[in-house]
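A quick write-up on the structure given underneath.
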Amino acid sequence: MSAAPVQDLVKRWESEQAHLRLQVVEEDTEDWQRSPDFSGLERVAGVDLSFIKGDDINACAQLVVLNYPDLEVLYEDSQMVTLTAPYIAGFLAFRETPSLLEALQRLQKNQPTLLPQVVFVDGNGLFHYREFGLACHLGVLSGLPCVGVAKNLLQVQGVYKSEEHQSQIAALQKGGESFPLTSASGKMLGKALRSSDSSSKPVYVSVGHKISLDTAVRLTHSCCRYRVPEPIRQADCRSREYLRINFPATDAGMKE
DNA sequence: GCGACAG
DNA sequence: ATCTTGTCGC
């Protein structure tokens with residue numbers, strides 16, 4: 001049947017990204033985003049997928065909603081899903097977005113009053129090969145403000161782990177300090193943020209949808225108890241917990 | 001051949 | 001993503 005070469009798939013995906021890219025809103029659209037203390041913001045969400053060691057198609061899709069500013073969990077949804085798309089760098093969204101979108105739709109159907117006002121996504125937004133990472137993809141398809149937070153630097157758009165980059169990291173003294181990640185063409189695509197006083201390794205924040213970069217960085221900092229913003233950290237912890245309980249590891253080398 | 005490659 | 005505990009330091 002479909003012996004579709006990977007490059008054909010990539011071509012279609014690039015085309016779809018280019019189309020959806022036009023719909024990204026890179027500015028603040030909500031009143032709470034303009035407030036110095038985010039007055040009016042009551043619910044923030046985090047999403048993530050966790051996998052079992054030797055299995056890359058079955059995963060646990062997680063959505064958590066926390067109250068703000070206390071960051072206590074108000075809602076949690078763990079759902080086993082079967083992924084169809086492979087992971088290809090630059091196309092993470094085609095692998096993860098469907099499951100995450102479904103989780104948001106379940107929430108809208110079952111507990112609409114708990115819908116989040118912003119979603120933290122594990123991965124990049126505009127800081128991406130074609131300025132359309134997972135956080136943008138989920139943002140455009142859901143219509144919700146989204147912030148991309150990556151734990152590792154994607155070397156793209158002329159941004160590299162250069163000596164200069166390393167020294168800029170070393171210059172970040174306190175939680176909340178950041179420096180811009182600017183593309184070769186001169187556009188600021190994201191910021192490296194020291195998310196807390198105790199973590200020297202920064203996180204990489206970029207716009208997903210319906211939020212400005214400065215607001216995204218400020219909000220990310222205000223949601224960090226540890227290095228990774230609490231919504232994403234909770235989603236990560238809870239999806240791993242779900243797998244640990246429901247799919248206990250079988251001892252390697254031990255026969256069934 | 002070597003390095004890069006969000007999750 | 002996952003493989004992985006304790007340990008050194010403030």
Side-chain angles (χ1 to χ4, degrees), chain A residues 6-7 10 13-14 17 21 46-63 78 80-101 103 119-139 146-162 165 173-175 181 183 189-193 195-209 216 220 226-229 231-233 235-244 247-254:
Chain A
V6 176
Q7 58 264 43
V10 166
W13 282 354
E14 284 180 339
Q17 287 181 331
R21 169 72 183 86
V47 291
D48 190 34
L49 258 60
S50 285
F51 298 80
I52 306 175
K53 47 184 176 182
D55 187 342
D56 61 344
I57 66 169
N58 294 298
C60 176
Q62 187 76 34
L63 166 64
S78 307
M80 286 307 296
V81 296
T82 301
L83 304 183
T84 53
Y87 170 66
I88 298 177
F91 302 94
L92 176 64
F94 292 93
R95 181 165 163 79
E96 301 200 346
T97 296
S99 304
L100 300 179
L101 202 52
V119 179
F120 281 91
V121 179
D122 200 351
N124 295 299
L126 290 179
F127 187 58
H128 175 269
Y129 303 89
R130 291 164 295 280
E131 297 185 16
F132 197 72
L134 174 59
C136 297
H137 208 120
L138 185 64
C146 285
V147 176
V149 180
K151 297 183 289 296
N152 295 293
L153 177 69
L154 182 61
Q155 300 193 116
V156 67
Q157 299 264 16
V159 177
Y160 305 108
K161 292 178 186 173
S162 59
H165 182 79
Q173 296 299 304
K174 307 184 310 175
L181 303 170
S183 72
L189 296 177
K191 284 192 174 183
L193 167 73
S195 52
S196 76
D197 289 339
S198 57
S199 63
S200 58
K201 183 177 180 180
V203 293
Y204 300 92
V205 180
S206 60
V207 169
H209 188 49
T220 298
Y226 303 99
R227 178 179 175 243
V228 174
I232 291 176
R233 202 178 74 86
D236 184 67
C237 290
R238 289 165 190 254
S239 56
R240 291 190 190 206
E241 166 88 348
Y242 182 92
L243 292 180
R244 186 174 63 72
F247 299 87
T250 57
D251 296 307
M254 195 171 90

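Small disclaimer: the values here were computed from a predicted structure and weren't measured.
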Parallel, tilted or perpendicular: which fits the ring planes of Phe94(A) and His137(A), with parallel below 30° and perpendicular above 60°?
-> perpendicular
Between His165(A) and Tyr204(A), what is the ring plane arrangement, given parallel below 30°, perpendicular above 60°, and tilted in between?
-> parallel
Salt-bridged, Arg238(A) to Glu241(A), with N to O below 4.0 Å?
-> no
Would you please say whether a donor-acceptor pair under 3.5 Å links the side chains of Gln17(A) and Arg130(A)?
-> yes
Within this structure, what is the [atom1]-to-[atom2] distance between [X] and [N], rounded to whole angstrom?
X	N	atom1	atom2	value
Asn124(A)	dG7(B)	CG	P	7 Å
Phe132(A)	dA6(B)	CZ	C1'	15 Å
His128(A)	dA6(B)	NE2	P	10 Å
Leu153(A)	dG7(B)	CG	C1'	15 Å
Phe51(A)	dG7(B)	CZ	C1'	7 Å
Asn58(A)	dA1(C)	CG	C1'	14 Å
Lys53(A)	dT4(C)	NZ	P	8 Å
Ile232(A)	dA1(C)	CD1	C1'	15 Å

What contact category does [X] fall into here, base, sugar-phosphate, or nothing, at under 4.0 angstrom with non-hydrogen atoms?
X	value
Asp122(A)	sugar-phosphate
Asp48(A)	sugar-phosphate
Gly54(A)	nothing
Phe91(A)	base

I want to check one thing: is the phosphate of [N], taken as OP1 and OP2, less than 4.0 Å away from some side-chain N or O of [X]?
X	N	result
Lys151(A)	dA6(B)	no
Arg95(A)	dA6(B)	no
Tyr204(A)	dA6(B)	no

Given dG7(B), dC5(B), dT2(C), which nucleotide is nearest the side-chain atoms of Leu92(A)?
-> dG7(B)
Pairwise C1' distance for dC5(B) and dT2(C), with rounding to whole Å | 16 Å
Sub-4.5 Å side-chain heavy-atom contact between Phe120(A) and Thr220(A) = yes
Tell me whether Tyr87(A) is stacked on the nucleobase of dA1(C), counting only the six-membered base ring and applying the 5.5 Å and 30° thresholds.
-> no
